[in-house]
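The sequence lines fix the lettering, A, B, ..., with proteins before strands; numbering per chain opens at 1.
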Amino acid sequence: MNKRGSYYRYLNRFGWLCITPAIVFFLIFMAYPILSSLYYMTRKWKGASNTFVGLGNFVRMSGDSFFWQAVGHNFIYMAIQIPLMILLALLLAVILNQGIKRLRGAFRTVFFLPCVTSLVAYSVLFRILFQTNGLLNNLLINSHILSEPIAYLANPFWANVTIILALTWRWTGYNMVFFLVGLQNIDTEIYEAAEVDGASKARQFFRITMPLLLPVILFSAVTSTSGTMQLFDEPNILTTMGGPANATMTASLYIYRQAFVTNSDFGYATALSYVVVLISGIFAYIQIRFLGNRGEK
Amino acid sequence: MKKGFKIALALLVVAAFVCIGVTSCSNKPKPSKVTIWCWDPNFNGYSMKAAEAVYVKTHPEVTFDIVDIPNDQIEPKIEAALQANGAGLPDIALVQDFSIEKFLQNYPKAFADLKAAGIDYSKFAPYKVGPMTVGKSIYGIPFDTGSTGLWLRADYIKKAGLKPEDYQKPMTWAQVIKLGEIVKAKTGKPLFAYESDSFDTLRIMVQSSGGQFFNDKGELDINSDAVKKSLVILKELNDKGLLFMAEGWSNWVNALNNDQSAGFLDAIWMVGTVKSKPENKGKWMVVPTPLLEGVPGAANASNNGGSSWFVFDKAANKKVAIDFLKSVWASDSPDSLAFYNDILKACGAMGTFLPSQSQPNYTAQDDFFYGNQAVFKDFSSWMAKVPTLKYTANYNSMRTAVYNATLLFFQGKYKTVDETLAAASKEYKQTTGQ
Amino acid sequence: MNVVRKFSAARLLMWLILIIGAVLSLFPFFWMTIGMTLNPNDVIRGVIKPGSELSLNWTKATTNYNLGLFFMNSMKIALLTVFFGVIVNSLAAYGFEKYKSKARERVFGILLLTMIIPSIAVVIPMFKMFSFFSLLNTPSAIILPSIMSVFIIFFMRQNFSMFPSEIMEAARVDGAGEMVTFVRIVSPSMKASFASAAIYMFLGQWNSYLWPLMTIMSDTGKTLPIAMASMMSAYTIEYGALMIIVCISVIPVLILFLTMQKQFVAGLLGSVK
């Protein structure tokens, strides 16, 4: 943009004008709540009254093994569900892009469909599916695979499995569509040149496709990670308040419980939230650094 | 031209906000409209509607808005609204008895002092009035009792080769377990439908012996005989296959209504649920709550649940709301007594307003139950024996900690009762920061 | 790029994977539709054949639960959010992308940072703010905070980056004002991006749960997700009616997506670059 005098100033003003409405909304509905919640962080709340405790909430947090357990659950989901989902999405995208071309549009729509359900709706459906007297058990018993129903939702291990399955069902298609679009953006000429050079399909995939897809995969990873750190609806509705016995409790749900269910200690809840923000930020930073650098090679 | 566009855009935005504001600012309460929050439209909602019908006969200018808010959402909503200095609160809200102390302690000025408004509390069951009393003030209108009983399927007992009449008496847990074993062996049905993520059964057992979960200072004290003995019995029931595990309220209801268990342990307000399935007719009988033998102070009676109506001090229609509660719920006029009589029969809502207990439905035989048992008469008489339970403001946290530990105890993660209670204490301490 | 000959084992495997994936993706929808016609017990027992209770369930859904009202509430809120959201966010994206400056990039950086803040952290202050302005229990409480979306701005920035600046220059030479350029020249050719943004915003708002849960205090203001969750906490769950409501909540988005798929994917295409 030309930096000459008044014309430049005019364009610059217009640029500011464009972003002003968004900034106003940001200030009112994001900045103000975030800043005022800093006030809550240093206070211990008990209903209508609150007292200043300085860093007391953070001291309490360090001894609250249940909070860290909840964070640990978020980590487990990130470590297992996200790679699983990305691999699956990648596999489907590659098949649709290079393997089976027929009905590609139809398959793409079908795989994306789970994303149009609301988090509440699909949590409800999966709960009905996995409850002890639910659909899955009934099917397995009727076909004699099981003799006794498995209480998925009352068993810590299985409860986590159901959450991971539900998340994968819901989000694989979403990521697949991104990957598919990314794949379609790659110029076929590159592949043709590689063919001529005698590169095998596998080599082409790893040396050409993957590096070019890295920005999209990074985007997927970052958004999935921050989404998983905020996991709330599924452990709330599918396994009811992070059950059984806190086996699926997540950070956000624990914060909600502290703020609204247990003893309305909003100060403590806010302090917990900021730790979650910090963790999310660190993850995002690591991912961008790590995957971002690889992509530049 | 450019300026024009800027101004036009700004005006458009402002106009839009005005539109949104105008179309939605009609939520200010009309002069005589009473807003009430409660859950379960078939029980609480129904009762309120019946009360409304009585009141509008003499006060036709008053309108009611009875809002249905699910049980697990109503407290967070009240909480959030109280935090916002009362914005959005209704005039009257239904609160579970075990949560009352929490609200009264955390928000001391939020509720209207109804004793000062002239309500005569001697006419209500004492164990209900206790939790809502703070010093000289009393804050709510007690509603339903949670008087408990052991509900049994007479038809399954018959099928097991036994006579149901033999069991229509006060029993100890040992006797009940024996019954359960026979019924399971002969019919395959576990004696109890058990909600796996619920505290209710344990609570019923502990309270039946006058036991508590907190000491007089409000500190956690779950290492009592009552609690330990109850846990041991529950584990025994589970190990012997006498518990049908169901997750969540609705699945539990399904289990007992769909012949998956031969009974359950719970309160009178289950009458509506049991009656909602016509096929249940003639099959169910209710016997006294089992006795926790070996624990001093034990009785064949207990309480589970029950809630009360509260008026918010800053409510827009506080006067009308209080007058409504006074003249329908706390008065012994013929219309009021008839109202209590009606809701008992219609949805099994047994109020704790003592004068109403002489009404016909309270003592009548009910042909829905096995042997035309006069169930309400039985529940009433048991209600008289219920000891008061100290809830404190941390009841919810204690409840969660204990049932989490209990579940893991059942699953074998904790091997002894002491280990289980230690785990529960730990969760309680850490999640509440005590 | 035909990688494999037809009828080879690898091809068969790929078809298998696709078909299994499709069945898994579709199954819950299929089950939902069958569930609408069954009585509540059969729904959870897993009966697969359609029953005959559709009209009964429909009556329950519309009378016991005010399905029509909840639908209209959700629709009204979502449409208003999309209308204002697309305007505000696209304008902002345009400003950030086409009028780049160091200062604005820094501002954008700050906006990006806020994407990781969990909504639970801002719920209480926002709640207090809305109560202060007496806007609780109104659609505004739900619409206003959702209008600006950093994700949408980011998304549209990518799309705008593909729009050739030469055309803007040409328009300036012709004497067109900047706003006119945006409205008359740039936007019409970016229809796909606008469509994608609209769909995303609609989806987000249509399915929004936590915040409406906190702010809606009366029966008449409830939206579909809240109604669904309420039904799940009811004393007796009407599974058949619940299935109907779940279906109804899925259908508008489904229609939206199916009809605007082309634009949606084209918009994604732009943003991924």
Side-chain angles (χ1 to χ4, degrees), chain A residues 11-12 14-15 18-19 21-22 25-26 29-30 32-34 36-37 92 95 98-100 107 109-111 113-114 116-121 124-125 128 133-135 138-139 169 173 177-178 181-182 185 188 191 201 216 226 230 232-233 237 252 255-256 259 266 270 273 276-277 280-281 284, chain C residues 1 3-4 11 14-15 17-18 21-22 24-26 28-29 32 44-46 88-89 91-92 94-96 99 101 104 107 111 114-118 120-122 124-126 129 144-145 147-148 153 178 203 207 209-210 225 228-229 232 246 249-250 253-254 257-258 261 265 268-269 272-273:
Chain A
L11 286 182
N12 195 32
F14 185 73
C18 282
I19 67 174
F25 276 100
F26 171 73
F29 299 108
M30 267 262 127
Y32 168 72
I34 294 174
S36 74
S37 62
L92 290 173
I95 293 181
Q98 290 156 236
I100 314 274
F107 273 116
T109 310
V110 164
F111 289 130
L113 230 41
V116 309
T117 58
S118 72
L119 296 182
V120 174
V124 164
L125 283 178
I128 304 179
N133 61 341
L135 190 56
N138 287 330
L139 280 176
W169 178 84
V177 170
F178 275 113
V181 166
N185 270 349
T188 45
Y191 290 112
K201 295 295 166 210
V216 188
S226 77
Q230 300 196 30
F232 179 84
D233 303 69
I237 298 181
S252 279
I255 293 172
Y256 174 78
F266 303 109
T270 312
S273 309
V276 171
V277 170
S280 299
Chain C
M1 186 173 99
V3 182
V4 188
R11 207 169 164 78
M14 286 195 269
W15 269 108
I17 295 178
L18 286 181
L24 288 176
S25 288
L26 286 179
F29 294 95
M32 243 164 37
I44 39 178
R45 277 206 349 244
V88 169
N89 292 321
L91 202 55
Y94 187 66
F96 280 122
Y99 298 85
S101 81
R104 278 188 279 278
V107 171
L111 289 188
T114 62
M115 258 168 58
I116 55 175
I117 300 199
I120 200 100
V122 296
I124 296 290
M126 276 230 284
M129 180 169 66
L144 292 176
I147 290 181
M148 198 237 10
I153 295 181
E178 299 302 308
L203 197 59
N207 288 335
Y209 175 62
L210 181 64
M228 276 188 279
M232 249 338 235
V246 173
S249 79
V250 164
V253 190
L254 205 58
F257 179 68
L258 290 175
Q261 230 192 117
V265 177
L268 273 186
L269 203 72
V272 163
K273 284 226 169 78

Most contact-rich option vs chain C, by heavy-atom pairs under 4.5 angstrom, among Gly15(A), Ser280(A), Ser226(A), is Gly15(A)
When every non-hydrogen atom of Pro33(A) is compared with those of Met126(C), the smallest separation belongs to CG-CG, 3.5 Å
Quiz item: Between Asp233(A) and Tyr209(C), does a side-chain contact (heavy atoms from CB on, under 4.5 Å) hold up when you go through it step by step?
Solution: CA-CA 9 Å; Asp233(A) 303 69; Tyr209(C) 175 62; 3.5 Å; yes
Residues at least two apart in sequence or cross-chain that pass ring-ring contact (aromatic ring centres under 6.0 Å, His included) with Phe96(C), listed by chain then number, are Phe108(C)
Comparing Pro28(C), Gly21(C), Pro145(C), Ser25(C) against chain A, the one with the most heavy-atom pairs below 4.5 Å turns out to be Ser25(C)
d(Thr117(A) OG1, Leu203(C) CG) to nearest 0.5 Å is 8.5 Å
With sequence neighbours left out, the residues meeting side-chain hydrogen bond (donor to acceptor under 3.5 Å, both in side chains) with Ser273(A) are none
Whatever's closer than 4.5 Å to a heavy atom in chain A on Leu18(C) counts as both
Heavy-atom closest pair (Tyr256(A) atom, Leu210(C) atom, distance to 0.1 Å) is CE1-CD1, 4.3 Å
Rounded to the nearest 0.5 angstrom, the CG-CG distance for Leu258(C) and Leu113(A) is 7.0 Å
Cut-off 4.5 Å, heavy atoms of chain C, and the answer for Phe107(A) is side chain
What one should report as the nearest heavy-atom pair of Phe111(A) and Ala22(C) is CE2-N, 3.4 Å
The reported gap from CG in Leu111(C) to CZ in Phe26(A) (rounded to nearest 0.5 angstrom) is 5.0 Å
If you tally heavy-atom pairs under 4.5 Å between each of Thr270(A), Ile237(A), Val124(A) and chain C, the highest tally belongs to Val124(A)
Ile17(C)/Leu92(A) under side-chain contact (heavy atoms from CB on, under 4.5 Å): CA gap, chis, key distance, verdict: CA-CA 8 Å; Ile17(C) 295 178; Leu92(A) 290 173; 4.1 Å; yes
Okay, Val110(A) and chain C: the region with an atom under 4.5 Å from a heavy atom over there is both
When the 4.5 angstrom heavy-atom criterion is applied to Ser118(A) and chain C, the contacting part is both
- Can Met148(C) and Phe29(A) be said to form a side-chain contact (heavy atoms from CB on, under 4.5 Å), step by step? CA-CA 9 Å; Met148(C) 198 237 10; Phe29(A) 299 108; over 6 Å; no
Looking only at Gly95(C), Pro225(C), Ser249(C), Ala92(C), the option with the highest number of non-hydrogen pairs under 4.5 Å against chain A is Ala92(C)
Scored by heavy-atom pairs under 4.5 Å with chain C, the best of Pro114(A), Ser37(A), Ser36(A) is Pro114(A)
If one checks every heavy atom of Val120(A) against chain C at 4.5 Å, the contacting part turns out to be side chain
